[in-house]
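I have placed the structure first, in the form of C-alpha coordinates, so that the comments after it can refer back to it.
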Amino acid sequence: MKTLHAEEIVPDLSTTYLGLPLAHPVVASASPIGKTLDGVRSLEDGGAAAIVLASLFEEQIIRDNESFARYLDAGTESFAESLSYFPPVRTAAGPDEYLKLVADARAAVDVPVIASLNGATERGWVDFAASLEAAGAHAIELNIFYLPVSAEATGRSVEDRYVHVVQAVRHAIKIPLAVKLSPYFSALGEMAARLTAAGADGLVLFNRFYQPDFDLDKLEVVPNLELSTPFEIRLPLLWIAVLRERLHASLAATSGVQTPAEVVKYLLAGADAVMTTSALL
(Lines give C-alpha, C1' and ligand atoms only; values in the text may rest on other atoms or scores of the structure.)
Protein backbone atom coordinates (compact mmCIF):
# COMPACT_ATOMS: atom_id res chain seq x y z
CA MET A 1 0.00 0.00 0.00
CA LYS A 2 1.28 3.41 -0.93
CA THR A 3 1.94 5.75 1.99
CA LEU A 4 0.35 9.15 1.52
CA HIS A 5 2.36 12.15 2.62
CA ALA A 6 0.62 15.16 4.17
CA GLU A 7 1.24 17.29 1.09
CA GLU A 8 -0.56 14.70 -1.06
CA ILE A 9 -3.77 14.80 0.95
CA VAL A 10 -6.17 17.32 -0.56
CA PRO A 11 -9.27 17.79 1.58
CA ASP A 12 -12.66 18.21 -0.06
CA LEU A 13 -13.82 21.66 1.01
CA SER A 14 -16.74 21.89 -1.41
CA THR A 15 -20.03 23.15 -0.06
CA THR A 16 -23.40 24.48 -1.15
CA TYR A 17 -24.68 27.97 -0.40
CA LEU A 18 -28.14 29.13 -1.53
CA GLY A 19 -28.24 26.03 -3.67
CA LEU A 20 -25.07 27.17 -5.48
CA PRO A 21 -22.16 24.70 -5.51
CA LEU A 22 -18.94 26.26 -4.19
CA ALA A 23 -15.41 24.86 -4.38
CA HIS A 24 -14.90 25.88 -0.74
CA PRO A 25 -16.81 27.97 1.82
CA VAL A 26 -14.81 31.24 1.74
CA VAL A 27 -16.79 34.00 0.00
CA ALA A 28 -15.89 37.64 -0.66
CA SER A 29 -18.65 39.73 0.90
CA ALA A 30 -19.81 43.14 -0.34
CA SER A 31 -17.01 45.68 -0.29
CA PRO A 32 -15.52 48.49 -2.39
CA ILE A 33 -13.39 45.86 -4.16
CA GLY A 34 -16.56 44.56 -5.79
CA LYS A 35 -17.41 47.92 -7.37
CA THR A 36 -15.40 47.31 -10.52
CA LEU A 37 -14.83 44.45 -12.93
CA ASP A 38 -11.09 44.52 -12.22
CA GLY A 39 -11.88 44.21 -8.52
CA VAL A 40 -14.18 41.27 -9.15
CA ARG A 41 -11.49 39.54 -11.20
CA SER A 42 -8.95 40.12 -8.44
CA LEU A 43 -11.27 38.47 -5.91
CA GLU A 44 -11.57 35.39 -8.10
CA ASP A 45 -7.82 35.36 -8.66
CA GLY A 46 -7.37 35.55 -4.90
CA GLY A 47 -9.41 32.39 -4.49
CA ALA A 48 -12.92 33.54 -3.49
CA ALA A 49 -15.45 30.74 -4.03
CA ALA A 50 -18.19 33.30 -4.74
CA ILE A 51 -18.34 37.09 -4.90
CA VAL A 52 -20.93 39.44 -3.45
CA LEU A 53 -20.77 42.67 -5.42
CA ALA A 54 -20.66 46.06 -3.70
CA SER A 55 -24.14 47.12 -2.64
CA LEU A 56 -26.46 49.24 -4.73
CA PHE A 57 -28.47 51.48 -2.42
CA GLU A 58 -32.23 51.88 -2.61
CA GLU A 59 -31.96 55.66 -2.81
CA GLN A 60 -29.90 55.33 -6.00
CA ILE A 61 -32.70 53.37 -7.65
CA ILE A 62 -35.41 55.77 -6.41
CA ARG A 63 -33.39 58.81 -7.45
CA ASP A 64 -33.02 57.52 -10.97
CA ASN A 65 -36.67 56.49 -11.25
CA GLU A 66 -37.94 59.83 -9.97
CA SER A 67 -35.50 61.80 -12.11
CA PHE A 68 -36.58 59.95 -15.23
CA ALA A 69 -40.26 60.43 -14.34
CA ARG A 70 -39.77 64.18 -13.92
CA TYR A 71 -38.19 64.41 -17.35
CA LEU A 72 -40.99 62.38 -18.89
CA ASP A 73 -43.64 64.59 -17.29
CA ALA A 74 -41.94 67.83 -18.24
CA GLY A 75 -43.54 69.49 -21.24
CA THR A 76 -46.27 66.90 -21.69
CA GLU A 77 -48.51 69.68 -23.02
CA SER A 78 -45.89 70.70 -25.57
CA PHE A 79 -45.17 69.21 -28.96
CA ALA A 80 -44.56 65.48 -28.98
CA GLU A 81 -41.43 66.04 -31.07
CA SER A 82 -39.71 67.88 -28.21
CA LEU A 83 -37.27 65.12 -27.33
CA SER A 84 -34.90 67.49 -25.57
CA TYR A 85 -36.84 66.91 -22.35
CA PHE A 86 -35.16 63.52 -21.89
CA PRO A 87 -32.16 63.45 -19.54
CA PRO A 88 -28.62 63.32 -20.86
CA VAL A 89 -26.59 60.14 -20.44
CA ARG A 90 -25.29 59.95 -16.89
CA THR A 91 -21.65 59.37 -16.05
CA ALA A 92 -22.05 58.74 -12.30
CA ALA A 93 -22.49 55.20 -11.05
CA GLY A 94 -26.11 54.14 -10.79
CA PRO A 95 -28.54 51.31 -11.55
CA ASP A 96 -27.60 51.02 -15.23
CA GLU A 97 -23.92 50.75 -14.39
CA TYR A 98 -24.68 48.19 -11.71
CA LEU A 99 -26.61 46.02 -14.14
CA LYS A 100 -23.68 46.23 -16.55
CA LEU A 101 -21.29 45.22 -13.75
CA VAL A 102 -23.44 42.18 -12.99
CA ALA A 103 -23.52 41.12 -16.65
CA ASP A 104 -19.79 41.75 -17.16
CA ALA A 105 -18.85 39.96 -13.94
CA ARG A 106 -20.99 36.97 -14.85
CA ALA A 107 -19.14 36.70 -18.16
CA ALA A 108 -15.67 37.37 -16.69
CA VAL A 109 -15.47 34.98 -13.73
CA ASP A 110 -16.30 31.34 -13.17
CA VAL A 111 -17.53 31.65 -9.59
CA PRO A 112 -21.08 32.65 -8.57
CA VAL A 113 -21.81 36.38 -8.68
CA ILE A 114 -24.24 37.63 -6.02
CA ALA A 115 -25.80 41.08 -6.36
CA SER A 116 -26.37 43.15 -3.22
CA LEU A 117 -29.25 45.57 -2.58
CA ASN A 118 -29.22 47.89 0.42
CA GLY A 119 -32.35 49.64 1.70
CA ALA A 120 -35.39 49.51 3.95
CA THR A 121 -38.51 49.37 1.75
CA GLU A 122 -39.68 47.56 -1.38
CA ARG A 123 -39.89 50.81 -3.34
CA GLY A 124 -37.70 50.55 -6.39
CA TRP A 125 -36.37 47.15 -5.36
CA VAL A 126 -38.89 44.77 -6.85
CA ASP A 127 -38.53 45.70 -10.51
CA PHE A 128 -34.80 46.15 -10.14
CA ALA A 129 -34.39 42.73 -8.53
CA ALA A 130 -35.93 41.21 -11.65
CA SER A 131 -33.49 43.23 -13.76
CA LEU A 132 -30.59 41.84 -11.73
CA GLU A 133 -31.84 38.35 -12.41
CA ALA A 134 -32.05 39.12 -16.13
CA ALA A 135 -28.52 40.57 -16.07
CA GLY A 136 -27.19 37.22 -14.87
CA ALA A 137 -26.86 37.43 -11.09
CA HIS A 138 -26.68 33.96 -9.59
CA ALA A 139 -28.42 35.23 -6.43
CA ILE A 140 -29.41 38.43 -4.64
CA GLU A 141 -28.45 39.47 -1.12
CA LEU A 142 -30.83 41.92 0.56
CA ASN A 143 -29.00 44.17 2.98
CA ILE A 144 -32.02 45.54 4.87
CA PHE A 145 -31.60 48.25 7.48
CA TYR A 146 -34.39 50.34 8.93
CA LEU A 147 -33.71 52.68 11.85
CA PRO A 148 -36.98 53.07 13.82
CA VAL A 149 -36.40 56.55 15.22
CA SER A 150 -40.09 57.12 15.92
CA ALA A 151 -41.09 56.60 19.54
CA GLU A 152 -44.38 55.12 18.28
CA ALA A 153 -42.77 52.37 16.18
CA THR A 154 -43.19 48.92 17.69
CA GLY A 155 -40.81 46.01 17.38
CA ARG A 156 -43.43 44.01 15.51
CA SER A 157 -43.99 46.77 12.96
CA VAL A 158 -40.27 46.85 12.23
CA GLU A 159 -40.20 43.08 11.81
CA ASP A 160 -43.23 43.23 9.51
CA ARG A 161 -41.43 45.75 7.32
CA TYR A 162 -38.51 43.35 6.83
CA VAL A 163 -40.82 40.43 6.09
CA HIS A 164 -42.83 42.47 3.57
CA VAL A 165 -39.67 43.47 1.68
CA VAL A 166 -38.53 39.86 1.46
CA GLN A 167 -41.96 38.70 0.26
CA ALA A 168 -42.11 41.37 -2.43
CA VAL A 169 -38.65 40.62 -3.80
CA ARG A 170 -39.20 36.86 -3.58
CA HIS A 171 -42.30 37.17 -5.76
CA ALA A 172 -40.31 39.11 -8.37
CA ILE A 173 -37.42 36.68 -8.86
CA LYS A 174 -36.70 32.99 -9.21
CA ILE A 175 -32.98 33.03 -8.33
CA PRO A 176 -31.86 32.41 -4.73
CA LEU A 177 -32.43 35.18 -2.21
CA ALA A 178 -30.39 35.84 0.94
CA VAL A 179 -31.02 38.37 3.71
CA LYS A 180 -28.12 39.99 5.53
CA LEU A 181 -29.54 40.30 8.99
CA SER A 182 -28.76 42.53 11.94
CA PRO A 183 -28.51 41.10 15.48
CA TYR A 184 -30.81 43.74 16.95
CA PHE A 185 -34.08 41.81 17.08
CA SER A 186 -35.48 40.87 20.47
CA ALA A 187 -36.44 37.36 19.28
CA LEU A 188 -33.89 36.63 16.58
CA GLY A 189 -34.83 32.97 16.20
CA GLU A 190 -38.45 33.76 15.41
CA MET A 191 -37.42 36.57 13.08
CA ALA A 192 -35.10 34.23 11.19
CA ALA A 193 -37.95 31.73 10.82
CA ARG A 194 -40.31 34.45 9.54
CA LEU A 195 -37.81 35.61 6.93
CA THR A 196 -37.22 32.12 5.60
CA ALA A 197 -40.98 31.50 5.53
CA ALA A 198 -41.32 34.75 3.55
CA GLY A 199 -38.98 33.40 0.89
CA ALA A 200 -35.38 33.87 1.99
CA ASP A 201 -33.23 30.95 0.91
CA GLY A 202 -30.48 31.94 3.29
CA LEU A 203 -29.38 34.30 6.04
CA VAL A 204 -26.09 36.15 6.46
CA LEU A 205 -25.19 36.74 10.11
CA PHE A 206 -24.51 39.54 10.95
CA ASN A 207 -24.57 42.95 9.31
CA ARG A 208 -22.27 45.74 10.52
CA PHE A 209 -23.64 49.25 10.04
CA TYR A 210 -22.13 52.61 9.38
CA GLN A 211 -22.63 54.68 12.51
CA PRO A 212 -21.94 58.38 13.06
CA ASP A 213 -19.27 59.93 15.22
CA PHE A 214 -18.19 63.46 16.13
CA ASP A 215 -15.03 65.08 14.83
CA LEU A 216 -14.14 67.25 17.83
CA ASP A 217 -11.62 69.33 15.87
CA LYS A 218 -14.04 70.26 13.06
CA LEU A 219 -17.20 69.94 15.18
CA GLU A 220 -18.80 67.87 12.44
CA VAL A 221 -20.71 64.63 12.31
CA VAL A 222 -18.61 62.10 10.41
CA PRO A 223 -19.07 58.45 9.42
CA ASN A 224 -17.01 56.03 11.45
CA LEU A 225 -16.37 52.50 10.25
CA GLU A 226 -13.69 50.33 11.77
CA LEU A 227 -12.72 47.02 10.22
CA SER A 228 -13.91 44.01 12.16
CA THR A 229 -11.68 41.98 14.47
CA PRO A 230 -11.72 38.26 15.40
CA PHE A 231 -13.29 39.17 18.75
CA GLU A 232 -16.55 39.93 16.90
CA ILE A 233 -17.20 36.35 15.81
CA ARG A 234 -18.81 35.23 19.05
CA LEU A 235 -22.32 36.58 18.49
CA PRO A 236 -22.72 35.21 14.94
CA LEU A 237 -20.99 32.01 16.08
CA LEU A 238 -23.65 31.57 18.76
CA TRP A 239 -26.62 32.20 16.47
CA ILE A 240 -25.36 30.07 13.61
CA ALA A 241 -25.05 27.19 16.05
CA VAL A 242 -28.54 27.86 17.42
CA LEU A 243 -30.21 28.19 14.01
CA ARG A 244 -28.38 25.39 12.23
CA GLU A 245 -30.80 22.62 13.17
CA ARG A 246 -33.85 24.86 13.36
CA LEU A 247 -33.96 26.35 9.85
CA HIS A 248 -34.09 24.77 6.42
CA ALA A 249 -31.98 27.53 4.92
CA SER A 250 -28.38 28.34 4.07
CA LEU A 251 -26.41 30.14 6.74
CA ALA A 252 -23.46 32.38 5.96
CA ALA A 253 -21.20 33.84 8.61
CA THR A 254 -19.68 37.29 8.40
CA SER A 255 -17.79 39.59 10.81
CA GLY A 256 -14.37 39.07 12.31
CA VAL A 257 -12.94 36.74 9.67
CA GLN A 258 -9.25 37.61 9.59
CA THR A 259 -7.52 34.21 9.57
CA PRO A 260 -8.30 30.55 8.76
CA ALA A 261 -9.04 30.02 12.47
CA GLU A 262 -12.26 32.07 12.26
CA VAL A 263 -13.30 30.18 9.14
CA VAL A 264 -12.88 26.84 10.91
CA LYS A 265 -14.81 28.02 13.97
CA TYR A 266 -17.74 29.21 11.86
CA LEU A 267 -17.80 25.92 9.96
CA LEU A 268 -17.79 23.98 13.22
CA ALA A 269 -20.82 26.03 14.31
CA GLY A 270 -22.65 25.01 11.14
CA ALA A 271 -22.07 27.78 8.59
CA ASP A 272 -22.45 26.80 4.93
CA ALA A 273 -20.26 29.72 3.83
CA VAL A 274 -17.95 32.17 5.55
CA MET A 275 -17.71 35.74 4.23
CA THR A 276 -14.97 38.30 4.74
CA THR A 277 -14.42 41.93 3.81
CA SER A 278 -12.01 43.41 6.35
CA ALA A 279 -9.24 40.86 5.68
CA LEU A 280 -9.49 41.53 1.93
CA LEU A 281 -9.37 45.29 2.37
Side-chain angles (χ1 to χ4, degrees), residues 17-18 29-30 52 55 57-59 116-123 125-126 140-171 176-213 221 223-257 262 265-278:
Y17 174 58
L18 301 176
S29 51
V52 184
S55 293
F57 288 81
E58 178 184 5
E59 51 264 35
S116 175
L117 291 176
N118 188 308
T121 73
E122 67 175 272
R123 188 183 180 198
W125 275 20
V126 175
I140 293 177
E141 180 179 286
L142 293 183
N143 191 337
I144 308 174
F145 179 55
Y146 171 64
L147 191 63
V149 295
S150 170
E152 287 76 33
T154 65
R156 202 59 171 181
S157 68
V158 174
E159 293 170 353
D160 289 344
R161 174 188 288 259
Y162 278 64
V163 171
H164 187 63
V165 169
V166 173
Q167 288 174 333
V169 176
R170 174 75 280 167
H171 290 159
L177 177 64
V179 177
K180 195 168 188 179
L181 200 56
S182 88
Y184 303 128
F185 295 97
S186 58
L188 186 62
E190 195 240 4
M191 187 61 189
R194 291 188 70 194
L195 290 172
T196 55
D201 299 291
L203 301 176
V204 182
L205 309 178
F206 286 111
N207 208 344
R208 298 175 79 243
F209 300 111
Y210 293 96
Q211 295 175 331
D213 196 1
V221 178
N224 183 19
L225 180 66
E226 297 181 2
L227 299 181
S228 66
T229 69
F231 297 105
E232 296 180 45
I233 76 168
R234 295 175 185 174
L235 186 61
L237 198 68
L238 165 67
W239 277 105
I240 286 172
V242 168
L243 296 175
R244 176 69 283 166
E245 299 302 324
R246 291 171 170 80
L247 292 181
H248 297 292
S250 291
L251 295 177
T254 187
S255 291
V257 181
E262 289 80 55
K265 289 179 181 181
Y266 276 133
L267 295 178
L268 287 173
D272 297 297
V274 180
M275 298 186 175
T276 182
T277 291
S278 296

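The residues of the chain are indexed from 1 along the displayed sequence. This one's a predicted model, so the numbers in the text were calculated from it and none came from an experiment.
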Once you round to the nearest 0.5 Å, how far does CG of L203 lie from CG of L142? 11.0 Å

If you look at every heavy atom in A200 and V166, which pair is closest and at what distance? N-CG1, 3.9 Å

Point-to-point distance, once rounded to the nearest 0.5 Å, from CZ of R246 to CH2 of W239: 8.5 Å

E245: what forms a side chain to side chain donor-acceptor pair (under 3.5 Å) with it, not counting sequence neighbours? none

Which distance, rounded to the nearest 0.5 Å, do you find between the CZ of R194 and the CG of D160? 4.5 Å

Is there a side-chain contact between V163 and L195 (heavy atoms, below 4.5 Å)? yes

Listed by chain and number, what are the side chain to side chain contact (heavy atoms under 4.5 Å, CB included) partners of S55, not counting sequence neighbours? A30, F57, S116, N118, N143

Salt bridge (Lys or Arg N to Asp or Glu O under 4.0 Å) partners for R170, two or more places apart: D201

Which pair of heavy atoms, one from L243 and one from G189, lies closest together, and at what distance? CD2-CA, 4.1 Å

Do you know which two heavy atoms are closest between T254 and S29, and how far apart they sit? OG1-OG, 4.3 Å

Does E232 have any salt bridge (Lys or Arg N to Asp or Glu O under 4.0 Å) partners at least two apart in sequence or in another chain, and if so, which? R208

Test side chain to side chain donor-acceptor pair (under 3.5 Å) applied to T154 - qualifying residues, sequence neighbours left out: S157

Who pairs with A187 by side chain to side chain contact (heavy atoms under 4.5 Å, CB included), at least two apart in sequence or on another chain? E190

For residues 265-274, dump all side-chain donor-acceptor pairs below 3.5 Å to protein atoms at least two apart in sequence or in another chain.
{"unit_1": "Y266", "atom_1": "OH", "unit_2": "S255", "atom_2": "O", "d": "2.8"}
{"unit_1": "D272", "atom_1": "OD1", "unit_2": "R244", "atom_2": "NH1", "d": "3.4"}
{"unit_1": "D272", "atom_1": "OD2", "unit_2": "R244", "atom_2": "NH1", "d": "2.9"}
{"unit_1": "D272", "atom_1": "OD2", "unit_2": "L251", "atom_2": "N", "d": "2.8"}

Taken to the nearest 0.5 Å, the spacing of E141 CD from L117 CG works out to 9.5 Å

Please identify each residue that fulfils side chain to side chain contact (heavy atoms under 4.5 Å, CB included) with H164, with sequence neighbours left out. E122, Q167

With T276, which residues qualify under side chain to side chain contact (heavy atoms under 4.5 Å, CB included), at least two apart? V257, A279, L280

For residues 142-155, which residue pairs qualify under salt bridge (Lys or Arg N to Asp or Glu O under 4.0 Å), counting only residues two or more places apart or in two chains? none

Residue set satisfying side chain to side chain donor-acceptor pair (under 3.5 Å) with S278, at least two apart, ordered chain then number -> S228

Looking only at heavy atoms, which two atoms of G256 and I233 are closest? And how far apart? O-CG2, 3.6 Å

So CG of L188 and CZ of F206: to nearest 0.5 Å the spacing works out to 4.5 Å

For the pair S250 (side chain) and Y17 (backbone), establish whether a donor and an acceptor sit closer than 3.5 Å, ignoring hydrogens and angles. no

In Å, rounded to the nearest 0.5 Å, how long is the span from CD1 of I240 to CG of L247? 11.5 Å

